[in-house]
Chemist: 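Okay, here's the structure, questions in a sec.
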Amino acid sequence: MERALHVIGTAGHVDHGKSTLVKALTGIDPDRLAEEKAREMTIDLGFAWLTIGDQEIGIVDVPGHRDFIENMLAGVGSIDLALLVIAADEGVMPQTTEHLAILDLLQVEDGIIVLTKTDLIDDPDWLELVTLDVSDAVSGTALQEAPILPVSAYTGEGLAELKAALEQKLEDKGRHPDNGRPRLAVDRVFTLSGFGTVVTGTLDGGSLSLGDQVEIIPGNKRARVRGLQTHKRKLDTAYPGSRVAINLTGVDRDDLQRGQVIARPGSISDTILIDVAYRHLADAGEPLKHNAQVKLFLGSAEVLARTRVIGQKDIPPGHEGWLQLALSEPAAAARGDRFILRRPSPPATLGGGKILDPHPGRRHRRFRPDVAERLQTLAGGTPDEILLMALRRRQPMPAGELISISGIDQDSAGAALADLIEDGQVREIGGQLITESGWRDLRQKAQQILQTYHEKNPLRLGMPREELRSRLGLSPQMFNTLMAWCTDQNIIVIEGGLLRTADHELLFSPDQQQQIARFLDQMKRSDANTPSVKEAQHALGDALYYALIDLGRLRQLNADVVYESGQYEEFAGKITSFLQANGEINAAQARDLLQTSRKYAIALLEHLDDIKVTRRVGDVRVLA
Ligand SMILES: Nc1nc2c(ncn2[C@@H]2O[C@H](COP(=O)(O)OP(=O)(O)OP(=O)(O)O)[C@@H](O)[C@H]2O)c(=O)[nH]1
Ligand SMILES: [Mg+2]
């Protein structure tokens, strides 16, 4: 690929000569529909191309009629430069102004203003007057520095100068960056017999090659690139900055439509809630209200949405603000994408802006200061500020996920993240990232959960380890690291698989103490034939029973048999002494030794097997 690739677009009032100019420049009539030819009016987007010097230029020709402005919006989303066409005999007209406002909101900063149909003007003073008028109209917009060139598409006057200016501007712009993330906003879908489904659009961000797998968003269908064309030329690889037709296989025609995005699988996701920075046009008439229904134009997509005005009651004409937009259906969106809002009825362009967060995840409280603060950082923040903020809102999170939701390009995000880890602002534990303050919050949260648990269960010594881990929603590795830190600092104590705060102890009332003493006494007196687990629970109540278990005052051997701890030690001691003296013991010997029934003897032997004091060999036990 030697030539630099660019896509430019026309703009301007109906009938001012956009399509005629495109034809004069390229030899291609962009009005392809029969209805367009019949009405001599552009209705939908038209496409043409030309090469000037090293610059290969695709042109998107838009309709000027106000009824078709929404088609125009599907085309101008991804252009590098605008040709704002103004008929010299009419001068600035309503859609001249509206298209100009749209270009300004979309930050299409490069442009050439073409004063066309000059063959109709005999009076040089008139031309001068119109030129002044145009300068006035563009002042304060993105096109304020754009040259104003007089042209006649009929006589060809000024066309050479226009081409020279175009070449110069595009040369200055340089080549499109290739960051390995191809993305194409679909503006046309059609089927060719014997060929299949074709989508067209402007390719941005990266290249696409034959055989590549792609994802279609929203809808998240996968497809494969079977054919590629730019400007009717077959290609093996299409590069960013060009108009591309993709022949797709593996997807139904019905699953494709204007507004979708074609990208590498997993590189961009759809959303129904976005945070944006918004500017309300000065001539919008009324303020933009909270909870207003609007049409969102994003890339080539058009979606109904509702506004949430953040931090103020509404946004007055000519003012800026933060919005959260709730979309009526999913759309593909990435941080930094520009958009336009229109009022559905009566139709009018309201304003537009930039996406700050394509996945805010939740509805914001409108007047909380931290919400506006966060949007402020997103609008002007450095990569590390944005990463920290994204992480703070949903942590812990793996690095790859953080980078992808931050919307920052891979390289800058990776570098910023490495700095944050080195500075100690972010920790990486078992592949998960967490901010330093998030880490401290976790410790506090663990402590709080235990405290609440102790309050609710005053007679439990602590919470089972696994329960705390799942309540905190942590991976085992992160949880273990957290617990190691908490026990190290003596904030949490681990005892027998139970976790408790360092200051928690079991306090029994005098009544309970009496009840316990009575019960344990009874246990001791009952020798080896102790009350069953059921009987013990009944006598003490569940709460006291488990408290004694937690405290180690009772030892439950199986579902049925429980001993007082002193008793347990005594019986276990008898068995081990017997084994030391005799080498082995069978169930009958154990029964006689403990003067109990076979059931109790076996329960104890099996328990000793379990805790690896003894080992079973055939019918006897030996020391393990
Ligand atoms: N005399 C003269 N007429 C022109 C010139 N360029 C265009 N026209 C005429 O102006 C009319 C409108 O031209 P189009 O090119 O269709 O205008 P457009 O801006 O594409 O219109 P829409 O796409 O509907 O917005 C046609 O009748 C053209 O023949 C020009 O340079 N000189
Ligand atoms: Mg036209």
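Note: hydrogens, waters and symmetry copies are ignored here, and every other heavy atom, side chains too, is used.
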Chemist: Does the side-chain hydrogen bond (donor to acceptor under 3.5 Å, both in side chains) test come out yes or no for Ser577 and Gln580, once each step is laid out?
Modeler: CA-CA 5 Å; Ser577 310; Gln580 275 155 4; 4.8 Å; no
Chemist: So, Asn582 side chain and Glu584 main chain: donor-acceptor pair closer than 3.5 Å or not?
Modeler: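 Not confirmed, Asn582 side chain does not pair with Glu584 backbone.
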Chemist: Residues in salt bridge (Lys or Arg N to Asp or Glu O under 4.0 Å) with Asp560, at least two apart?
Modeler: Lys599
Chemist: Is the shortest side-chain heavy-atom distance between Leu608 and Ile611 below 4.5 Å?
Modeler: yes
Chemist: Give a yes or no answer on whether the side chain of Gln556 reaches the backbone of Asn558 with a donor-acceptor pair at less than 3.5 Å.
Modeler: yes
Chemist: Any side-chain heavy atom of Phe508 sitting closer than 4.5 Å to one from Ile516?
Modeler: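 In contact.
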Chemist: Side chains of Asn586 and Gln589: closer than 4.5 Å at any heavy-atom pair?
Modeler: yes
Chemist: Do the side chains of Leu499 and Met483 get nearer than 4.5 Å, heavy atoms only?
Modeler: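 Yes. Closest side-chain heavy atoms under 4.5 Å.
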Chemist: As an exercise, state the distance from CG of Asp252 to CD1 of Ile216, rounded to the nearest 0.5 Å.
Modeler: 10.0 Å
Chemist: Is Arg616 salt-bridged to Glu606, cutoff N-O under 4.0 Å?
Modeler: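 Salt bridge absent between Arg616 and Glu606.
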Chemist: Under 3.5 Å, is there a donor-acceptor pair between the side chain of Glu564 and the main chain of Gly566?
Modeler: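 Yes, Glu564 side chain to Gly566 backbone: donor-acceptor pair under 3.5 Å.
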Chemist: Given Leu273 and Leu325, is the side chain to side chain contact (heavy atoms under 4.5 Å, CB included) satisfied, shown in steps?
Modeler: CA-CA 6 Å; Leu273 194 63; Leu325 293 172; over 6 Å; no
Chemist: So, for Leu296 and Ala305, which heavy atoms are closest and what is the spacing to 0.1 Å?
Modeler: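 For Leu296 and Ala305, the tightest heavy-atom pair comes out as CB-CB, 4.4 Å.
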Chemist: Ser597 and Arg591: which non-hydrogen atoms are nearest, and at how many Å?
Modeler: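 Result for this residue pair: C-CG, 3.7 Å.
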Chemist: In Å, rounded to the nearest 0.5 Å, how long is the span from CD of Glu466 to CZ of Arg471?
Modeler: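 Output value for this atom pair is 13.0 Å.
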Chemist: Hey, could you give me the CG/OG1 distance between Leu623 and Thr576, rounded to the nearest 0.5 Å?
Modeler: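 Nearest 0.5 Å value for the CG-OG1 distance: 7.0 Å.
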Chemist: So, are Asp592 and Arg598 salt-bridged, with charged N and O less than 4.0 Å apart?
Modeler: no
Chemist: Between Asp550 and Arg460, does any NZ, NE, NH1 or NH2 come within less than 4.0 Å of an OD or OE carboxylate oxygen?
Modeler: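 Looking at Arg460 and Asp550, the cut-off is met.
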Chemist: Within a strict 4.5 Å, meaning less than it, do heavy atoms of the Leu520 and Leu554 side chains meet?
Modeler: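 Contact flag for Leu520/Leu554 side chains = yes.
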Chemist: List the steps, then state whether side chain to side chain contact (heavy atoms under 4.5 Å, CB included) holds for Gln432 with Met478.
Modeler: CA-CA 8 Å; Gln432 301 265 325; Met478 189 159 265; 3.8 Å; yes
Chemist: Do Arg181 and Asp204 meet the salt-bridge criterion of a basic N to acidic O distance under 4.0 Å?
Modeler: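 No salt bridge links Asp204 with Arg181.
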Chemist: For the CD atom of Gln451 and the CE atom of Met463, what is their distance to the nearest 0.5 Å?
Modeler: 12.0 Å
Chemist: Taking Val562's backbone N and O only, do any of them form a donor-acceptor pair with Thr530's side chain (distance below 3.5 Å, no angle check)?
Modeler: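 Pair found, side chain donor or acceptor close to backbone of Val562.
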Chemist: Step by step, would you call Ile549 with Leu461 a side chain to side chain contact (heavy atoms under 4.5 Å, CB included)?
Modeler: CA-CA 9 Å; Ile549 294 277; Leu461 186 61; over 6 Å; no
Chemist: Could you tell me if Tyr568 and His607 have a donor-acceptor pair between their side chains, going purely by distance under 3.5 Å?
Modeler: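 Checked: His607/Tyr568 side chains pair up, N/O donor to acceptor below 3.5 Å.
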Chemist: State, without any angle test, whether Arg465 and Asn480 hold a side-chain donor-acceptor pair at a distance under 3.5 Å.
Modeler: yes
Chemist: Would you say Glu535's side chain and Ser532's backbone share a donor-acceptor pair under 3.5 angstrom?
Modeler: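 Between the backbone of Ser532 and the side chain of Glu535 there is a qualifying donor-acceptor contact (under 3.5 Å).
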Chemist: Counting only N and O atoms by type, is there a donor-acceptor contact under 3.5 Å from the side chain of Thr596 to the main-chain atoms of Ala601?
Modeler: no
Chemist: Can you see whether Gln489 engages Arg443 through a side-chain donor-acceptor pair at a distance of less than 3.5 angstrom?
Modeler: yes
Chemist: When the aromatic ring centroids of His504 and His454 are compared, is their separation below 6.0 Å?
Modeler: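 Centroid distance His504-His454: below 6.0 Å, so yes.
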Chemist: With rounding to the nearest 0.5 angstrom, report the CG to CZ distance, Leu323 to Arg306.
Modeler: 13.5 Å
Chemist: Quiz question: by atom type and distance under 3.5 Å, do the side chains of Ser509 and Asp511 form a donor-acceptor pair?
Modeler: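 Ser509 vs Asp511: no donor-acceptor pair found between side chains.
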Chemist: Counting C-beta onward and ignoring hydrogens, is there a side-chain heavy-atom pair between Val276 and Leu356 closer than 4.5 Å?
Modeler: no
Chemist: Counting only heavy atoms from other residues, nucleotides and ligands, does the tally under 6.0 Å from CZ of Arg615 exceed 12?
Modeler: no
Chemist: Is there a side-chain contact between Ile310 and Phe367 (heavy atoms, below 4.5 Å)?
Modeler: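 No, every pair of side-chain atoms sits at 4.5 Å or beyond.
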Chemist: Check the surroundings of atom CG in Asn291: do more than 12 heavy atoms from other residues, nucleotides or ligands lie under 6.0 Å from it?
Modeler: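 Above 12, so yes.
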Chemist: Over all heavy atoms of both residues, which pair between Asp212 and Ser207 is shortest? Give the atoms and the distance, please.
Modeler: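 Answer, listing the atom of Asp212 first, then Ser207: OD2-O, 4.5 Å.
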Chemist: Counting N and O atoms only, with roles assigned by atom type, does the side chain of Thr614 sit under 3.5 Å from a partner on the main chain of Asp609, one being a donor and the other an acceptor?
Modeler: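 Checked: pair present.
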Chemist: Is Arg500 salt-bridged to Glu495, cutoff N-O under 4.0 Å?
Modeler: yes
Chemist: When you check the side-chain N and O atoms of Thr307 and His290, is any donor under 3.5 Å from an acceptor?
Modeler: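 No, His290 and Thr307 have no side-chain donor paired with an acceptor closer than 3.5 Å.
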Chemist: Without hydrogens or angle criteria, can the side chains of Gln425 and Thr435 be said to hold a donor-acceptor pair below 3.5 Å?
Modeler: no
Chemist: Under a 3.5 Å cutoff, is there a donor and acceptor pairing between the side chains of His364 and Asp275?
Modeler: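 The criterion, which ignores hydrogens and geometry beyond distance, is satisfied for Asp275 and His364.
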Chemist: Any chance the rings of Tyr563 and Phe571 have centres within less than 6.0 Å?
Modeler: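 Ring centroids of Tyr563 and Phe571 are less than 6.0 Å from each other.
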Chemist: Just by distance, no angles: are the side chains of Glu215 and Asn220 close enough, under 3.5 Å, to form a donor-acceptor pair?
Modeler: yes
Chemist: Please determine whether the number of non-hydrogen atoms from other residues, nucleotides or ligands lying under 6.0 Å from atom CD1 of Ile272 exceeds 12.
Modeler: no
Chemist: Around atom CZ of Arg222, are there more than 12 heavy atoms from other residues, nucleotides or ligands closer than 6.0 Å?
Modeler: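 Counting other residues, nucleotides and ligands, CZ of Arg222 exceeds 12 neighbours.
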Chemist: State whether the side chain of Gln260 and the backbone N or O of Asp255 hold a donor-acceptor pair below 3.5 Å, judged by distance alone.
Modeler: yes
Chemist: Minimum heavy-atom separation for Gln537 and Tyr545, please, with both atom names.
Modeler: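 Taking every non-hydrogen atom into account, NE2-CE2, 3.4 Å.
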Chemist: Are any of the side-chain heavy atoms of Leu208 and Ile246 separated by less than 4.5 Å?
Modeler: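 Yes, their side chains come closer than 4.5 Å.
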Chemist: Between atom CG of Leu507 and atom CD of Gln512, what is the distance when rounded to the nearest 0.5 Å?
Modeler: 10.0 Å
Chemist: Ignoring hydrogens and geometry, is there a side-chain-to-backbone donor-acceptor pair from Glu467 to Pro464 under 3.5 Å?
Modeler: no
Chemist: Check whether the side chains of Glu455 and Thr452 place a donor and an acceptor atom closer than 3.5 Å, and report yes or no.
Modeler: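 The answer is no; no qualifying pair exists.
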Chemist: Quick one: closest heavy-atom pair of Leu327 and Thr271, and the distance?
Modeler: CD2-O, 3.6 Å
Chemist: Which pair of heavy atoms, one from Gly381 and one from Glu385, lies closest together, and at what distance?
Modeler: CA-OE1, 3.2 Å
Chemist: Is there a donor-acceptor pair closer than 3.5 Å between any side-chain N or O of Asn457 and the backbone N or O of Leu459?
Modeler: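 Answer holds: no.
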Chemist: Going through the distances and angles, do Asp419 and Ile421 end up as a side chain to side chain contact (heavy atoms under 4.5 Å, CB included)?
Modeler: CA-CA 5 Å; Asp419 285 349; Ile421 292 173; over 6 Å; no
